[in-house]
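Taking it in order: structure first as structure tokens, then the write-up.
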2 protein chains.
Amino acid sequence: MSSADVTHAWGAFQRMRTQLAGRIYRELARSTGLSEPDFEVLFTLDAEPDKTLRSIDLRCALDWEKSRLSHQLRRMTERGLVTRETCTTDGRSTIIVLTAAGIETITAARSCHEAAVSRYFGEVLNTEQLAAINQIATLVLDRLATD
Amino acid sequence: MSSADVTHAWGAFQRMRTQLAGRIYRELARSTGLSEPDFEVLFTLDAEPDKTLRSIDLRCALDWEKSRLSHQLRRMTERGLVTRETCTTDGRSTIIVLTAAGIETITAARSCHEAAVSRYFGEVLNTEQLAAINQIATLVLDRLATD
DNA sequence: GTGAGATTGTTGACGCGTCAACTAAAAATT
DNA sequence: AATTTTTAGTTGACGCGTCAACAATCTCAC
């Protein structure tokens with residue numbers, strides 16, 4: 001496990017990620033008008049039974065900086081994908097609600113996204129390789145967590 | 001190889017990448033003041049014997065949009081890391097030259113970057129796992145290339 | 001209850017990334 | 001040689017991401 005092996009694998013990993021995400025989210029943007037962060041926000045809200053989350057819970061689910069979410073929600077509100085409503089139980093909080101337009105958009109986007117992930121990622125890899133990714137991700141994330 | 005397996009592996013991959021890059025480049029920024037794109041530009045120039053590349057060659061090496069490189073070089077020029085010089089053989093081209101300050105910066109940054117990649121990535125994975133990453137990246141990149 | 005500190009969220013500044021429109025020079029076509 | 005096309009690079013607008021500063025609300029010790 002030489003240093004050159006690590007560098008090489010790191011380079012391959014970076015190239016794959018860049019190209020893959022670039023392709024998937026370019027296709028998504030062209031077919032649905034959604035960016036990657038748009039998609040993540042709508043996807044997370046759509047998974048809730050009432051299509052609603054408190055801002056703080058959305059933030060935790062996405063693991064985003066608070067200002068990042070704030071800026072993102074401002075833009076998405078202006079486009080009519082979500083609305084902000086006041087929270088009655090906690091004056092600091094905001095409730096984020098998926099609009100009808102938001103639901104329609106994410107429904108179309110989900111299948112487009114799934115198709116792209118399947119095509120460029122899922123179809124290319126076998127069960128062992130998918131398992132290897134899970135294992136590797138677990139090891140790396142554990143290391144990051146324990147620092 | 002169910003659809004759920006693919007979705008799960010994709011999620012693990014995305015989480016790993018986000019956390020890993022976030023950590024590595026946050027450390028790099030704190031110790032050297034360089035962003036990820038700063039590092040990539042300096043690293044590529046530093047690999048040249050004369051610390052110099054034509055803008056177009058730098059663009060190909062990085063696989064960046066032309067406007068992206070143009071904006072990046074403007075900021076880096078203002079900070080004194082590189083300079084632009086006119087190309088005598090092709091009036092359209094620009095020569096990008098690493099300054100003394102740029103060389104000093106990338107020299108420190110390289111070891112910082114290597115240490116972080118090793119610590120959070122190389123040390124955690126064994127030879128088989130590094131090989132698996134190379135194999136997976138090759139498969140995915142091939143698929144993207146053939147579309 | 002009151003005041004200290006933590007939690008939730010917004011804003012502004014600035015770097016980053018893409019797209020489209022543009023300039024200028026080289027290459028190819030005629 | 002003149003015209004067209006391709007190539008190299010810049011610019012401006014706008015979305016994205018982080019940081020630091022700020023405001024408002026809640027919590028809890030007292």
Side-chain angles (χ1 to χ4, degrees), chain A residues 14 17-19 21-30 32-42 53-97, chain B residues 14 17-19 21-30 32-42 53-97:
Chain A
Q14 288 274 77
R17 194 274 158 182
T18 304
Q19 300 293 315
R23 178 72 63 95
I24 290 172
Y25 290 103
R26 206 173 307 120
E27 286 190 1
L28 188 72
R30 246 203 294 273
T32 69
L34 294 181
S35 65
E36 175 170 356
D38 291 337
F39 179 80
E40 289 180 55
V41 168
L42 295 185
L53 271 177
R54 279 170 52 231
S55 188
I56 179 66
D57 295 326
L58 184 51
R59 208 143 71 65
C60 292
L62 294 168
D63 194 26
W64 280 10
E65 297 275 327
K66 57 185 178 176
S67 61
R68 178 180 179 184
L69 183 59
S70 185
H71 287 307
Q72 183 68 34
L73 290 176
R74 176 181 44 74
R75 289 187 296 263
M76 293 179 73
T77 300
E78 287 165 0
R79 288 157 59 204
L81 295 168
V82 300
T83 56
R84 295 187 220 229
E85 308 197 350
T86 58
C87 179
T88 55
T89 67
D90 187 335
R92 297 166 299 181
S93 262
T94 316
I95 308 277
I96 310 301
V97 183
Chain B
Q14 288 274 76
R17 193 274 158 184
T18 303
Q19 300 293 315
R23 178 73 62 97
I24 290 172
Y25 290 103
R26 206 172 309 120
E27 286 190 1
L28 188 73
R30 248 203 294 273
T32 69
L34 293 181
S35 67
E36 175 170 357
D38 291 337
F39 179 81
E40 288 180 55
V41 168
L42 295 185
L53 271 178
R54 279 168 53 231
S55 189
I56 179 69
D57 295 326
L58 183 53
R59 207 144 70 66
C60 292
L62 294 168
D63 194 26
W64 280 10
E65 297 275 328
K66 58 186 179 176
S67 61
R68 178 180 179 184
L69 183 59
S70 185
H71 288 306
Q72 183 69 33
L73 290 176
R74 176 182 45 73
R75 290 186 297 262
M76 294 180 72
T77 301
E78 287 164 0
R79 288 157 59 203
L81 295 169
V82 299
T83 58
R84 296 187 219 230
E85 306 196 351
T86 58
C87 178
T88 55
T89 67
D90 187 333
R92 297 166 298 182
S93 264
T94 315
I95 309 277
I96 310 301
V97 184

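Just so it is clear: chains get the letters A, B, ... in the order the sequence lines come, proteins before strands, and each one is counted from 1.
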Under 4.0 Å from a heavy atom of chain A: give me the 5'-most and 3'-most nucleotides of DNA chain D that qualify.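 Span of nucleotides near chain A: D:dG15 to D:dC26.
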Please give me every residue in residues 80-94 of chain A whose heavy atoms get under 4.0 Å of an atom in DNA chain D, ordered by residue number.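 Listed by number, they are A:D90, A:G91, A:R92.
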Residue-level proximity of residues 55-67 of chain A to DNA chain D when a heavy atom falls under 4.0 Å: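 Residues of residues 55-67 of chain A under 4.0 Å from DNA chain D: A:E65, A:S67.
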Is any side-chain heavy atom of [Y] closer than 4.5 Å to one of [X]?
{"X": "A:T86", "Y": "A:I95", "answer": "no"}
{"X": "B:R84", "Y": "B:T77", "answer": "yes"}
{"X": "A:L53", "Y": "A:V97", "answer": "no"}
{"X": "A:L81", "Y": "A:R75", "answer": "no"}
{"X": "B:T94", "Y": "B:R54", "answer": "no"}

Atom pair CG (B:D38) and CD (B:Q72), whose distance is rounded to the nearest 0.5 Å: 5.0 Å
Let me confirm one number: the OH-CD distance from B:Y25 to B:E40, rounded to the nearest 0.5 Å.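 Reported to 0.5 Å precision, the distance equals 6.0 Å.
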Select from B:R26 and B:R74 the residue whose nearest nucleotide in DNA chain D is closer to the 5' end of that strand.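 Result of the comparison: B:R74.
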Check each of B:L34, B:T83, B:V41, B:I96 against B:M76 using the side chain to side chain contact (heavy atoms under 4.5 Å, CB included) test, and report the only one that passes.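 For B:M76, the side chain to side chain contact (heavy atoms under 4.5 Å, CB included) check succeeds only for B:V41.
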Please figure out whether A:L69 or A:R30 has its closest DNA chain C nucleotide nearer the 5' end. A:L69
Applying a 4.0 Å non-hydrogen cut-off, can you work out what B:E36 is touching in the nucleic acid: base, sugar-phosphate, or nothing?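 The answer is nothing, as B:E36 stays clear of every strand by at least 4.0 Å.
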Counting N and O atoms only, with roles assigned by atom type, does the side chain of B:S70 sit under 3.5 Å from a partner on the main chain of B:K66, one being a donor and the other an acceptor?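 Checking the backbone N and O of B:K66 against the side chain of B:S70, no donor-acceptor pair under 3.5 Å is found.
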Worked verdict on A:R59 versus A:E65 for side chain to side chain contact (heavy atoms under 4.5 Å, CB included): CA-CA 7 Å; A:R59 208 143 71 65; A:E65 297 275 327; over 6 Å; no
